[in-house]
**Student:** 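Got a structure here, written out as structure tokens. Questions coming.
Remember, predicted model here, so these are calculated numbers, not experimental data. Chain naming here is simple, since letters A, B, ... match the order of the sequence lines and numbering starts at 1 in each.
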Amino acid sequence: MGSLFPFQDLNYPPPSFLNPKIEPKIEPFDDQLHLHQPNFSNTSNYIQEQLPVPEINLEEQQVYAEFYRISELFRSAFSKRKHGELEVLHPELSIVPHHGQVGNKVSSSTAIVKKALKHSHRSSEMVRVTDLGIEDQIYFRDLVRRTRMVYEALRIFLIQEEDNEKGLGFGKRMRADLKAASLMKDRGGWLNRDKRIIGSIPGVYIGDVFFFRMELCVIGLHGQAQAGIDYVPISQSSSGEPVATSIIVSGGYEDDEDAGDVIIYTGHGGQSRNSARQCVHQKLEGGNLALERSKFYDIEVRVIRGVKCDKAPVGKVYIYDGLYKIIDCWFDIGKSGFGVYKYRIVRIANQPEMGSSVFKYASELRAKPLSLRPSGYLSLDISKKKENLPVFLFNDIDSDRDPLLYEYLAKPIYPPFSYPQMNTSRGCDCISSCCDGCLCAQRNGGEFPYDRNGILLKGKPVVFECGTSCRCPPTCRNRVSQSGLKYRLEIFRSRETGWGVRPLDLIPAGSFICEYTGVVLTMQQASIFAMNGDSLVYPSRFPERWVEWGDISQVYPDFKQPTIPQAPSLDFAMDVSRMRNVACYFSHSTTPNVLVQFVMYDHTNASYPHLMLFAMENIPPLRELSLDYGVADDWTEKLAICN
DNA sequence: GTTTCTTCAAGAGG
DNA sequence: CCCTCTTGAAGAAA
């Protein structure tokens, strides 16, 4: 089977960049300034009596035929098994605690992210963090991920709250991006404030995507709310010289030239108010001086690019592109005839590919896949139009064609008895779009599960979308996950994870990605099926990652993740041995970027919810998608073996 | 510690 | 779509 349980853990950066044998180093920085010799480290039981089958079309009949075929398999085997044994085969639902299990080594490095207090300014102590072991990498990735989830949850919460108070589209909007950051700062929720980190920030990977400048401040990637150059100021540097830490290249200066690996960057200042034109000479001070000093001492800077992106809330995203060095610095006359400081900034070799160029590549790939990659495609749509977007199948490393052997199943096959009997279910009576207080909102605990953009607001034990018995149109905002793919996906072959899945689009955090499909089996059916050595997925084994999504208890301690509607009993297994969809190829990770949210909409059997997959973070194009399959209780031991 | 100043934000309106 | 205005918050410097 191979691909069903891709248990190879997927933790970025990919293993080829790791060297787990090396102890983490947190180097004091000041000495290096004086030595002038920086050391840049490389960096149902099966219902016997048949219930009436609802009216179905031809295609669905074939699908049901498959269900009955499998049911028949069990019918013969079922009688030989006893209930007691079945219980044993049904493992307890286990919620894997993921935190604080990362080993003792971490404790040394956690010091650098110790929560800052409310009034504290940034520290003046400079450090460089390199050669983190894989456990530490996972730890920091998780920390950054969680911090970003809080930020995003808070931001969306503030917007929702404002909408609820003032109604849609009236008056000026509050700056939720700023407000969320400010609230987190007050609670000490910002990262990396007790040390100034030179070089890469632990837990932030090249290619990571941000929608707001303030988010860069929150995680400590770039500490300036607006200024493009962040640096350790003179007053805080032991050598009396400023040191640049990070720059943002976002096209705001007319004299910039961005060629990717090489940037001609303009210093800041000299611009008139409300205009991007130079109107006075720049001075060698502040960030300009810091960049010059960083060049002199050969110190690397982080580079973040602002890149146009229609899907982003502000038409722009910020992409972390890795470390660069300033190799040249001069004073020049700019296009407007005033003096500007210019810096030639070159990307350091042997880093993962730049996020911004991956962005560009992915957009070309969407437009003309075959001209960019003439060989390697096994299918340009493995779903054969069953999905509303093509699902690519790509393998350029070996001859494995395994995914072609399975029938593509866009929706799971539920047992007929899970569908409602005629006219027994009720839906809402909303005509255009669902409104507050309608039946469907009540089912979800009085609020809608999604925002206007279809972003999942909070993880819940189960989400009720509007269904077949509702009168609202398909465009209703409570029909997010039942509408199919919105982002293009590619199943691809990887040396690290076997078969995996990656998007061709940027997927914003909280977005619906796809459903996990297969043939739904009762536990009794499943237990027999499992004896035949076939591939089953048990929904109850997915750790409850949804509790992490939309959790703002860090800022509002009273906040509790909803426990209503009640958790489904999840008394089923999903058979993917013959029919499956793209979700089946997601890799496993203990720091996943995708979560499982149970959703009900088309049938009434609460034990058989849909397994809907949502993005837990902003997922850049071509980054592999990963799910927590809940199999890695012994993960740390496994790691030890791998190393 | 406080105040002033600058700043490659982001929203809204023209 | 681009320009301009407004509001805004952090951090550096004084």
Side-chain angles (χ1 to χ4, degrees), chain A residues 116 118-124 151 155 158-159 162-163 166 168-186 189-190 192-193 196 210-237 240-258 263-280 282-291 301-310 312-319 321 334 336 340-343 345:
Chain A
K118 180 169 179 175
H119 304 291
S120 78
H121 276 249
R122 286 196 287 182
S123 157
S124 62
Y151 177 79
R155 196 183 67 80
L158 291 167
I159 292 172
E162 192 184 34
D163 282 354
K166 291 204 277 185
L168 293 173
F170 293 109
K172 281 200 158 183
R173 296 209 80 84
M174 126 206 347
R175 289 287 301 277
D177 56 317
L178 302 180
K179 184 81 179 163
S182 170
L183 283 170
M184 284 179 76
K185 194 187 179 198
D186 291 349
W190 287 26
N192 299 315
R193 291 181 61 82
R196 294 297 300 261
F210 305 85
F211 289 124
F212 297 94
R213 275 286 291 263
M214 286 311 286
E215 204 178 352
L216 305 175
C217 298
V218 172
I219 61 165
L221 189 60
H222 185 83
Q224 301 284 344
Q226 294 190 6
I229 306 168
D230 195 16
Y231 58 101
V232 181
I234 296 171
S235 57
Q236 295 180 21
S237 168
E241 295 165 292
V243 176
T245 55
S246 55
I247 60 171
I248 292 181
V249 187
S250 72
Y253 277 75
E254 57 191 6
D255 297 306
D256 282 359
E257 294 167 47
D258 185 1
I263 305 165
I264 307 296
Y265 193 75
T266 314
H268 62 190
Q271 292 184 326
S272 70
R273 230 161 57 89
N274 297 327
S275 161
R277 296 182 76 81
Q278 303 300 126
C279 61
V280 289
Q282 291 183 344
K283 293 175 187 157
L284 192 59
E285 60 188 18
N288 296 354
L289 180 61
L291 281 175
V301 289
R302 299 184 288 272
V303 170
I304 299 113
R305 275 195 174 76
V307 173
K308 266 195 176 173
C309 176
D310 300 336
V314 295
K316 189 196 239 183
V317 292
Y318 296 96
I319 305 174
D321 268 344
S336 295
V340 290
Y341 281 89
K342 286 191 170 178
Y343 307 87
I345 300 179

**Student:** Heavy atoms from C-beta onward define the side chain here; which of dA12(C), dA10(C), dA9(B) lies closest to that of Lys316(A)?
**Tutor:** dA9(B)

**Student:** For Ser336(A), check side chain to side chain donor-acceptor pair (under 3.5 Å) against everything at least two apart and list the hits.
**Tutor:** Glu254(A)

**Student:** Which of these nucleotides, dG11(B), dA10(C), dA12(C), is closest to any side-chain atom of Met214(A)?
**Tutor:** dA10(C)

**Student:** Starting from the 5' end of DNA chain C, give me the residue, Ala181(A) or Lys308(A), whose nearest nucleotide shows up first.
**Tutor:** Lys308(A)

**Student:** Using salt bridge (Lys or Arg N to Asp or Glu O under 4.0 Å) as the criterion, list what pairs up with Arg302(A), not counting sequence neighbours.
**Tutor:** none

**Student:** Using whole Å, what does the distance between atom C1' of nucleotide dA9(B) and atom CD of Gln224(A) come to?
**Tutor:** 13 Å

**Student:** Applying side chain to side chain contact (heavy atoms under 4.5 Å, CB included), can you list everything that pairs with Leu178(A), at least two apart in sequence or on another chain?
**Tutor:** Arg175(A), Met214(A)

**Student:** Side chain of Tyr265(A), backbone of Tyr341(A): donor and acceptor closer than 3.5 Å?
**Tutor:** no

**Student:** Could you tell me the separation between the NE2 atom of His268(A) and the P atom of dA13(C), rounded to a whole number of Å?
**Tutor:** 9 Å

**Student:** Which nucleotide in the list dA13(C), dA10(C), dC8(B) gets nearest to the side chain of Tyr231(A)?
**Tutor:** dA13(C)

**Student:** Give the nucleotide from the list dA10(C), dA13(C), dG11(C) with an atom nearest to the side chain of Arg193(A).
**Tutor:** dG11(C)

**Student:** If the condition is side chain to side chain contact (heavy atoms under 4.5 Å, CB included), which residues does His222(A) pass it with, not counting sequence neighbours?
**Tutor:** Arg213(A), Leu216(A), Gln224(A), Asp230(A), Ser246(A), Ile248(A), Ile304(A)

**Student:** Is any side-chain heavy atom of Ile345(A) closer than 4.5 Å to a side-chain heavy atom of Val249(A)?
**Tutor:** no

**Student:** Name the closest nucleotide to the Lys185(A) side chain, picking from dA10(B), dA10(C), dA9(B).
**Tutor:** dA10(C)

**Student:** Taking the nucleotide of DNA chain C with the nearest heavy atom to each, does Glu285(A) or Ala225(A) sit closer to the 5' end?
**Tutor:** Ala225(A)

**Student:** Can you tell me how far C1' of dT6(C) sits from CZ of Arg175(A), to the nearest Å?
**Tutor:** 10 Å

**Student:** Between Tyr318(A) (OH) and dA9(B) (C1'), how many Å, whole number?
**Tutor:** 6 Å

**Student:** Applying ring pair (Phe, Tyr, Trp, His ring centres under 6.0 Å), can you list everything that pairs with Phe212(A), at least two apart in sequence or on another chain?
**Tutor:** none

**Student:** How is Asp256(A) classified with respect to the nucleic acid when contacts are heavy atoms under 4.0 Å: base, sugar-phosphate, or nothing?
**Tutor:** base

**Student:** Nearest whole Å is fine: how far is dA10(C) P from Ile248(A) CD1?
**Tutor:** 16 Å

**Student:** Looking only at the side chain of Arg122(A) (C-beta and beyond, no hydrogens), which of the listed nucleotides dA12(C), dA10(B), dA9(B) gets closest?
**Tutor:** dA12(C)

**Student:** Could you give the CZ-to-C1' distance, from Phe210(A) to dA9(B), as a whole number of Å?
**Tutor:** 16 Å

**Student:** How many Å lie between CD on Gln226(A) and C1' on dG11(C), as a whole number?
**Tutor:** 11 Å

**Student:** Just the dot-bracket of DNA chain C, please: which string comes out with Watson-Crick or G-U pairs under 3.5 Å, [ ] for crossing, | for another strand?
**Tutor:** .||||||.||||||

**Student:** How long is the line joining CG of Asp230(A) and C1' of dA9(C), in whole Å?
**Tutor:** 14 Å

